[in-house]
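A, B, ... follow the sequence lines: proteins, then strands. Residue 1 opens every chain. Nothing here was measured: the structure is a model prediction, and the numbers come from that model. The basis for the numbers below is simple: all heavy atoms, side chains too, and nothing from hydrogens, waters or symmetry mates.
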Protein chains: 2
Amino acid sequence: MRISEAAARSGLKVDTIRFYEAEGLVPNITRSSDGQRRFSQENVDWLTLLYWLRETGMPMKVMQRFAALYAQGDATIPDRKSILLDHSRLLAKRRDDLDRCDEILARKLEIYEEYLR
Amino acid sequence: MRISEAAARSGLKVDTIRFYEAEGLVPNITRSSDGQRRFSQENVDWLTLLYWLRETGMPMKVMQRFAALYAQGDATIPDRKSILLDHSRLLAKRRDDLDRCDEILARKLEIYEEYLR
DNA sequence: TACCGGCCTTGAGTAACTCCAGGTCAAGAA
DNA sequence: TTCTTGACCTGGAGTTACTCAAGGCCGGTA
């Protein structure tokens, strides 16, 4: 499929996909005879994963390492696994941050209510 | 207190505090006779709030609006309240994103386990 | 008095997009 | 067949939100 569809399916913008490809984050993108990118289902699955990793705060450098490992084949699965496990610890930390912020907002809003009464 | 202590207490870096002040995000910072910033407890509370708002993804433009309202006094509390309520909706969305990403990671890790067996 | 740590300002650098200008190409309408 | 449209291409500039470095001042200690 072409880039606009890959964008719609993965959640990433067209520009971001091109940028990610240039940065080496998306292996194996082929081109049609006139130079346009063509995306396989595997490409789109990969982009979707990148979308969610980014959305939850994985830095590009880590994605780059992850992509390099992915490009090297199944032998790198243990390394990739440890990257994802690290990231899932980060998710837990972010959830804590959200809770902490929720508390602070609740207190603040309560104080506002006092003023408004 | 001075800037290093304000940084330690709020969670923000010294540079970030100076940057935020320059952008109008921190009202009422006074200076000592030799030009150094002095922070009151109210300043630090405000910085701490900014820290958590940033940490959970509030864009600077919104913080700017929020700070401008804060500087205008208690009459703006309803407006500030609605900004915080909006933000707390965003927190909910982020929590959903984390859950979604967790699922995706779990599936991915499961597939990795298959390969490793 | 010489040094040191902490502060100051200004300005450059970075990360991760995001947008724009100018150009190609294939396919359908006139 | 020529014209237009729409999706794509590249290269480069612009944006956001910091982050760091250079060079300088000032108050306190050895």
Minimum-distance nucleotide to B/Arg31 side chain [options: C/dC17, C/dT9, D/dC8]: C/dT9
Could A/Asp15 and A/Arg18 be called an ion pair, given the rule that one side-chain N must be under 4.0 Å from one carboxylate O? yes
Which nucleotide in D/dC20, C/dA16, D/dC18 has an atom nearest any side-chain atom of A/Pro59: C/dA16
Could you check which of C/dT18, D/dC8, C/dC17 has an atom nearest any side-chain atom of A/Tyr20? C/dC17
Just checking B/Arg38: base, sugar-phosphate only, or nothing, at a heavy-atom cut-off of under 4.0 Å? nothing
Does OP1 or OP2 of C/dT9 have a side-chain N or O of B/Arg37 closer than 4.0 Å? yes
Do B/Ser82 and B/Asp79 pair up side chain to side chain, a donor and an acceptor below 3.5 Å, judged on atom types alone? no
Where each residue is assigned the nucleotide of DNA chain D containing its nearest heavy atom, which of B/Lys61 and B/Asp34 is assigned the position nearer the 5′ end? B/Lys61
Where the side chain of A/Phe19 is defined as all heavy atoms beyond and including C-beta, which of C/dC17, C/dC7, D/dT10 is the nearest nucleotide? C/dC17
Check this for me, if you would: do A/Arg95 and A/Asp99 make a salt bridge, where the nitrogen-to-carboxylate-oxygen distance has to be below 4.0 angstrom? no
Tell me whether the OP1 or OP2 atom of D/dC18 has a side-chain N or O from B/Arg54 closer than 4.0 Å. yes
Assign A/Arg18 to base, sugar-phosphate, or nothing according to its heavy-atom contacts below 4.0 angstrom with the strands shown. base
Answer with yes or no whether the side chains of B/Thr48 and B/Asp45 bring together a donor and an acceptor at under 3.5 Å. no
